[in-house]
Amino acid sequence: MLSLLIILFASLAAAQPSDLFLLIGQSNMAGRGVVSDEDRQPIPGVFAFSKDRQWVPAVDPVHFDRPDRTGVGLARTFASTLIRYGAAKSVGLVPAAFGGSALSEWVPGSAHYTNAVDRLKAALAAAPGARLRGILWHQGEADSRDEERAVTYRIRFARIISALRKDLNAGDVPVIVGQLGEFVEVSKYPQFHTINRELATIPLLVPLSGFVSSQGLKDKGDLLHFDSPSMKEFGRRYALEWMKFLR
C-alpha cells in the first residue's frame with residue numbers, strides 16, 4: 001500500500017510544475033508569432049495553466065486572450081532555458097496578458113489585474129508545493145501614443161508592482177520587463193522611445209527587477225509584433241536576466 005502511495009504522489013508531482021511564473025502585459029507578452037508544428041510539441045517539464053484552470057503541457061499558443069490572433073510567445077523558450085541551465089526543475093507558466101491593454105488597465109481593482117491575481121492563486125492551489133518564482137512583463141505600445149502616459153510610465157508601473165507583490169505575498173519575487181521592439185513605427189507610436197527609456201530605468205525604482213533588451217530582434221511584418229524566432233530569443237534573454245536573481 002505504501003509503495004502504491006509513493007508511486008501515486010510521484011506521478012502527481014511529475015504532472016505538476018514546481019516553479020511558477022506569471023506572464024502579464026499586452027500582445028507581445030501573449031505572443032503573436034506564427035505557430036509551426038514544432039511549437040505544438042510539448043517540452044518535458046514545461047506546463048501552462050489553461051483557460052479552464054488546469055495544468056497542461058505548454059504548447060503554443062500559451063495565451064488565449066485573443067484566440068484569432070494568439071501565437072508564439074516568449075514563454076516556452078523562457079521555461080526551457082531555465083530547465084536547460086538547471087535553474088528550475090519544472091516550470092509552470094501562468095498566462096494572463098491581454099493584447100492591446102494599456103498600463104491604466106492593469107491598476108489594482110481592474111479586470112486584468114484581478115484576473116492575473118486570481119489565476120495565479122488558482123495555479124498555486126492546483127500545484128501543491130509549487131511557488132511563484134517570477135513575474136514577466138511586456139507592455140507599453142498602448143501607452144506610446146500619449147506623452148503624459150509615456151513620461152509617467154515608470155512611476156505608474158512601480159505602483160502596480162508594489163500592489164501586486166502585496167496581493168500575491170511575493171515581496172521577494174523578481175520582476176522582469178522587456179524593451180519594446182526597436183522596429184515600432186514612430187509615426188503611429190510617437191512616444192515609444194520615451195517608453196523604452198522608462199522601461200530601461202525601472203530597475204532603478206523597482207526593487208528586484210531586471211530589464212531585457214530587444215536589440216536585433218525583428219517584427220513579423222507589421223512593425224509592431226515580434227516574429228517567432230525573435231520571440232524565442234526574447235524568452236531566452238528573459239530567462240538569463242531572471243537567473244541573475246538566483247540566490
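Just the heavy atoms: all of them, side chains too, but no hydrogens, waters or symmetry mates, feed the values below. Because the structure is predicted, anything quoted here is derived from the model rather than measured.
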May I have the step-by-step check of salt bridge (Lys or Arg N to Asp or Glu O under 4.0 Å) for Arg237 and Glu233, ending in yes or no? CA-CA 6 Å; Arg237 295 181 187 182; Glu233 169 59 18; 2.9 Å; yes
Going by the salt bridge (charged side-chain N to carboxylate O under 4.0 Å, His left out) test, which pairs reach into residues 33-51, not counting sequence neighbours? Asp37-Arg40, Asp39-Lys232
May I ask you to check whether Gln191 and Glu147 show a side-chain donor-acceptor distance below 3.5 Å?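 No, no side-chain donor-acceptor contact under 3.5 Å.
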Taking atom types as modelled and ignoring hydrogens, do the side chains of Arg159 and Ser162 form a donor-acceptor contact shorter than 3.5 angstrom?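 There is no such pair (donor and acceptor under 3.5 Å, judged by atom type) between the side chains of Arg159 and Ser162.
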If you measure from the Lys or Arg side-chain nitrogens to the Asp or Glu carboxylate oxygens, is any gap between Arg32 and Asp65 under 4.0 Å?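 Salt bridge between Arg32 and Asp65, a charged N being under 4.0 Å from a carboxylate O: yes.
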Is Arg156 paired with Asp143 through a side-chain N to carboxylate O contact shorter than 4.0 Å?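 The answer is yes: the pair qualifies as a salt bridge.
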Is the Phe234-His138 ring centre distance short of 6.0 angstrom? yes
Considering residues, nucleotides and ligands other than Tyr85, do more than 12 of their heavy atoms fall under 6.0 Å from its OH? no
Working to the nearest 0.5 Å, report the span between CZ of Phe78 and CE of Met231. 13.0 Å
Point-to-point distance, once rounded to the nearest 0.5 Å, from OG of Ser213 to CD of Glu182: 6.0 Å
Atom pairs and distances, side-chain donor-acceptor, residues 52-61, under 3.5 Å, sequence neighbours left out:
from  : atom 1 : to     : atom 2 : distance (Å)
Asp52 : OD1    : Ser50  : OG     : 2.3
Trp55 : NE1    : Ala123 : O      : 3.2

Expected output: side-chain Ser228 to main-chain Val34 donor-acceptor under 3.5 Å: yes
Can you check whether Ala142's main-chain N or O pairs, donor with acceptor, with Gln26's side chain at less than 3.5 Å?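 Yes, because the side chain of Gln26 sits within donor-acceptor range (under 3.5 Å) of the backbone of Ala142.
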Heavy-atom side-chain contact between Tyr238 and Thr81 under 4.5 Å: no
Out of curiosity, does Val177 fall in the hydrophobic cluster containing Val107 (side-chain heavy atoms, cut-off under 4.5 Å, transitive links)? yes
Please identify which of these residues, Tyr113, Phe98, Trp137, meets the ring pair (Phe, Tyr, Trp, His ring centres under 6.0 Å) condition with Trp106.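 With Trp106 as partner, Tyr113, Phe98, Trp137 yield a single ring pair (Phe, Tyr, Trp, His ring centres under 6.0 Å), made by Trp137.
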